[in-house]
Amino acid sequence: MTMELRRSPLHERHAALGAKFAAFGGWDMPLEYAGGGVLREHAAVRDAVGVFDVSHLGKARVTGPGAADFVNSCLTNDLGRIGPGKAQYTLCCDDATGGVIDDVIAYLHGDDHVFLIPNAANTAEVVRRLRGAAPPALTIENEHEAYAVLAVQGPRSAELVASLGLPTEHDYMGFATAGDLTVCRTGYTGEHGYELVVPAGRAVAVWDELFAAGEPYGLRACGLGARDTLRTEMGYALHGQDLSPEITPVQARLGWAVGWGKPAFWGRDVLVAEKAAGPRRTLRGLEAQDRGIPRPHMTVYAGEQAVGEVTSGTFSPTRKVGIALALVETAAGLEDGATVEVDVRGRRAAMRLVKPPFVKPQVK
């Protein structure tokens, strides 16, 4: 029995633009659009502005006395580092193993109100874990389908968003509200951009407003294919590939998203121990030295020894070269700059170990 895929409130708009759809996280989402495909969509974000429908992303709300302190005692990053009106990248880890159940953006509204955006496939599990740990005074709501999310990304994104009368001057990872719409200076592309959280019933109107205003700015609708090439160029992790319940923040080099000085968060003891001992493997960048294009699950070799596995890999439209993230064994002793090989469909392709990002970020 096949589970029916959820659809975005913007599904018909995507179909009208000739979108090719794909299942992602239980949702039927646009992969690319007619009239250019992934390469043109990718270029629009790097050079002008693109808009992504990412309404498949989860939404959850924690409210009540001490909501922020409660969330801070569960998720890895330290909400005490930011104030109301700021968002923070954080991780929901398994308490026993330290593996990443999901990565999450936390919007801090105040001491008694935190809004969370997990990944589509993991929203119910994140909510379940929070509810299981929450005191009776707190309310934890799964609002997955109550809101749509539009990501407006690229060097001309501020001009476009401002043309709709929306706030754009807040700092990176800050957010502002305009009526029932939240504008956050976040994104997954490495470009200056905004994510608009809007009630699902208003999604079509906001989409139409963006496209009515967008032509002078070079606006293009972008699908999940370009979203993946853009985020890989930045070295951003994708849950289910570069992060998972079997991959810890220490292995994924996400220690910056862990509040190591906090007295409590899920997985703290095992992660502190792993950090002290050193992880057995770490997430590294790979850059092809020939025409090889690495893909997930391909084996990484140092000489004849298998030393790792590609977690994310693609062709970089900006660099015109194959790039990848790979989990590489620490014991192999490989430094950045070392040459390794990746088994690309039975052929050994030379790759150089590098430190991501592969393209300079422009988020600020």
Side-chain angles (χ1 to χ4, degrees), residues 25-26 57-62 64 66-81 88-106 108 114-142 144 236-284 296-297 307-312 325-332:
L57 293 174
K59 303 96 193 170
R61 196 179 303 273
V62 183
D69 285 342
F70 166 69
V71 171
N72 206 27
S73 72
C74 298
L75 307 185
T76 60
N77 215 334
D78 188 356
L79 279 176
R81 294 172 178 167
Q88 185 182 71
Y89 180 83
T90 187
L91 303 160
C92 174
C93 290
D94 183 78
D95 199 37
T97 68
V100 180
I101 302 304
D102 203 13
D103 55 342
V104 180
I105 300 291
L108 182 61
V114 183
F115 186 71
L116 303 173
I117 297 192
N119 285 293
N122 304 322
T123 301
E125 179 62 14
V126 171
V127 169
R128 184 191 71 79
R129 287 175 181 247
L130 289 170
R131 284 176 175 167
L138 294 184
T139 299
I140 298 164
E141 300 168 279
N142 186 339
H144 201 156
Y236 293 159
L238 175 65
H239 195 277
Q241 292 182 198
D242 316 296
L243 297 171
S244 76
E246 289 72 47
I247 303 170
T248 70
V250 179
Q251 295 167 20
R253 292 189 164 181
L254 289 175
W256 58 267
V258 178
W260 295 107
K262 292 198 305 181
F265 57 86
W266 292 336
R268 184 183 187 278
D269 290 349
V270 66
L271 292 176
V272 167
E274 183 182 35
K275 182 187 178 189
R280 64 182 179 84
R281 57 185 184 172
T282 53
L283 199 64
R284 310 286 294 274
H297 307 301
V307 295
E309 181 178 87
V310 173
T311 55
S312 289
L325 300 175
L327 280 170
V328 176
E329 294 175 9
T330 308

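All values derive from a computational prediction rather than experimental measurement. Quick note: residue numbers are just sequence positions, from 1.
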Just verifying a value: how many Å separate [X] [atom1] and [Y] [atom2], rounded to the nearest 0.5 Å?
X: Asp69; Y: Leu79; atom1: CG; atom2: CG; value: 9.0 Å
X: Gln251; Y: Leu327; atom1: CD; atom2: CG; value: 6.5 Å
X: Gln241; Y: Ile247; atom1: CD; atom2: CD1; value: 9.5 Å
X: Thr90; Y: Leu116; atom1: OG1; atom2: CG; value: 9.0 Å
X: Thr248; Y: Lys275; atom1: OG1; atom2: NZ; value: 12.5 Å
X: Asp242; Y: Leu325; atom1: CG; atom2: CG; value: 5.0 Å

- Item | side-chain contact (heavy atoms from CB on, under 4.5 Å) between Leu130 and Phe70, intermediate numbers included | CA-CA 9 Å; Leu130 289 170; Phe70 166 69; 3.9 Å; yes
Is there a side-chain contact between [X] and [Y], using heavy atoms and a 4.5 Å cut-off?
X: Leu271; Y: Trp260; value: yes
X: Ile101; Y: Cys92; value: yes
X: Thr97; Y: Val270; value: no
X: Val100; Y: His239; value: yes
X: Glu274; Y: Arg280; value: no
X: Thr76; Y: Cys93; value: yes
X: Leu57; Y: Asn119; value: yes
X: Ile105; Y: Tyr89; value: yes

Would you confirm whether [X], through its side chain, and [Y], through its main-chain N or O, come within 3.5 Å as a donor-acceptor pair?
X: Lys59; Y: Phe115; answer: no
X: Thr330; Y: Pro279; answer: yes
X: Asp103; Y: Leu91; answer: no
X: Arg129; Y: Cys74; answer: no

For the student: nearest non-hydrogen atoms of [X] and [Y], plus distance:
X: Gly66; Y: Leu138; value: C-CD2, 4.3 Å
X: Val127; Y: Ala60; value: CG2-CB, 3.8 Å
X: Arg131; Y: Asn142; value: NH2-N, 3.7 Å
X: Ser312; Y: Pro296; value: CA-CG, 4.1 Å
X: Asn72; Y: Gly80; value: ND2-N, 4.1 Å
X: Val62; Y: Ala67; value: O-CB, 3.7 Å

- Task: Dump the intermediate steps for side-chain contact (heavy atoms from CB on, under 4.5 Å) on Asp102 and Glu125, then the final yes or no.
- Result: CA-CA 9 Å; Asp102 203 13; Glu125 179 62 14; over 6 Å; no
- Testing Val71, Asn77, Asp78 for side-chain contact (heavy atoms from CB on, under 4.5 Å) with Leu75, which one passes? Val71
